Enquirer: 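Before anything else, here's the structure in question.
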Amino acid sequence: MSIVNVALGERSYEIRIEAGLLDRAGEALAPFARGGRLVVVSDEMVWAAQGERLRASGLEIVPLVVPAGEGSKSWAQLAALTERLLELGIERSDHIIAFGGGMVGDLAGFAAAILKRGCRFVQVPTTLLAQVDSSVGGKTAINAAGGKNMVGAFHQPAAVLIDPNTLDTLPDRQLRAGYAEVVKYGLIGDAGFFAWCEAEGAALLAGDPAARLHAIETSIRAKAAIVAEDERETTGRRALLNLGHTFGHAVEAEGGFSRLLHGEAVALGMALAFRFSAERGLCAPADAERVVRHLGAIGLPTRLELGTPASLVAHMKDDKKASGGRIPFILARGIGDAFVDRSVALSEVEAFLARQL
Ligand code: GLY
């Protein structure tokens, strides 16, 4: 078992990583059941595949199940969920348990943030993407017509409970998509970890328990340190976690959130960010090629085949991080050396995308 602390003063919390943790869900969730009730928010697929493990916990659990898929991060589902929680008489001393992937964590976390001006919630992520990224750090949101995660709040969970065994039933495509976010930590600031990914990524995806634990723990430690330094993404430190996301969100928006999974869009976005960095003379072309080679070997997309340069750049203009007509891009001086570049003109990005399509 590993415990990682997210040091945020009175909002500090622990992330517990333990294979088989959900087989001891009664013990793991008991501290949160002491002051009130546990209301589980999950999606149909996760609840069907994993719900029994919570039902068998012996704890009294109220389940609320939403449709699976990114489409549930919507005003309609948020309204329906908050109304159901209010009908249940949810109190601030109760805990909402977000049991599922990134969609469930974002939706349930946002409902917790706004219900009664803030209820407690616990993240129990069941996908690799949620385990290594979205369950940690308190970003919660729904999508809106203006783009992905456009309406949301920072609301830290009371704890994050990670059982890597939930990945046993995760479809391969979802696992690979989550792996893109693992690789991201190596590319941002840990060249040694990227080399580990090159050597062990295939074993991780094949279900090797030690590789899985190492990847999750390394990713979580990197994320916890960044969140502790820059909880609300104001200093530029947390912005590094958006490597691949400006390109990636534009591609996701272009495909109506349905053609590519988020992690797949991030993989493509990271490949583009490194190619763009190489074109600007910031990083060695060999580094960009190495990134593309590894992502491609894992079966993640690295070639842009969607949209037009103008339409992709138009999506970027809607980016939440746009300020004064400029968008901060996360570029790299090499593998493990990402930085925020505020000097990029969108005309330059458009010309680059035209060469990529
Ligand atoms: N997924 C990026 C962040 O949590 O800041």
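Both ligands and their constituent atoms are indexed starting at 1 by order of listing. This one's a predicted model, so the numbers in the text were calculated from it and none came from an experiment.
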Enquirer: Strictly under 6.0 Å, is that where the ring centroids of Phe247 and Phe329 end up?
Expert: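 When the ring centroids of Phe247 and Phe329 are compared, they turn out to be within the sub-6.0 Å range.
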
Enquirer: Hey, is Asp133 touching ligand 1 through its side chain, its backbone, both or neither, going by heavy atoms under 4.0 Å?
Expert: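 Looking at Asp133 and ligand 1, just side chain atoms fall under 4.0 Å.
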
Enquirer: Using 4.0 Å as the upper bound for N to carboxylate O, is an ion pair formed by Arg37 and Glu91?
Expert: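 The answer is no: the pair does not qualify as a salt bridge.
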
Enquirer: If you have a sec, work out which protein heavy atom is nearest atom 5 (O) of ligand 1 and how many Å separate them, to one decimal?
Expert: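 For this ligand atom, the closest protein heavy atom is Arg238 NE, 2.7 Å.
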
Enquirer: Is it possible for you to check whether Arg120 lies under 6.0 Å from the centre of the six-membered ring of Phe32, through NZ or CZ, and within 45° of that ring's axis?
Expert: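 So Arg120 doesn't make the cation-pi contact.
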
Enquirer: If you measure every N/O of His245 against every N/O of ligand 1, is any gap under 3.5 Å?
Expert: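 There is no such contact.
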
Enquirer: Which residue, Arg16, Arg221, Glu18, Glu217, forms the side-chain hydrogen bond (donor to acceptor under 3.5 Å, both in side chains) with Ser2?
Expert: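 So, applying the side-chain hydrogen bond (donor to acceptor under 3.5 Å, both in side chains) to Ser2 and each of Arg16, Arg221, Glu18, Glu217, only Glu217 qualifies.
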
Enquirer: Below a 4.0 angstrom heavy-atom separation, can you tell me which part of Lys223, side chain or backbone, both or neither, approaches ligand 1?
Expert: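 Within the 4.0 Å criterion, Lys223 contacts ligand 1 through side-chain atoms alone.
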
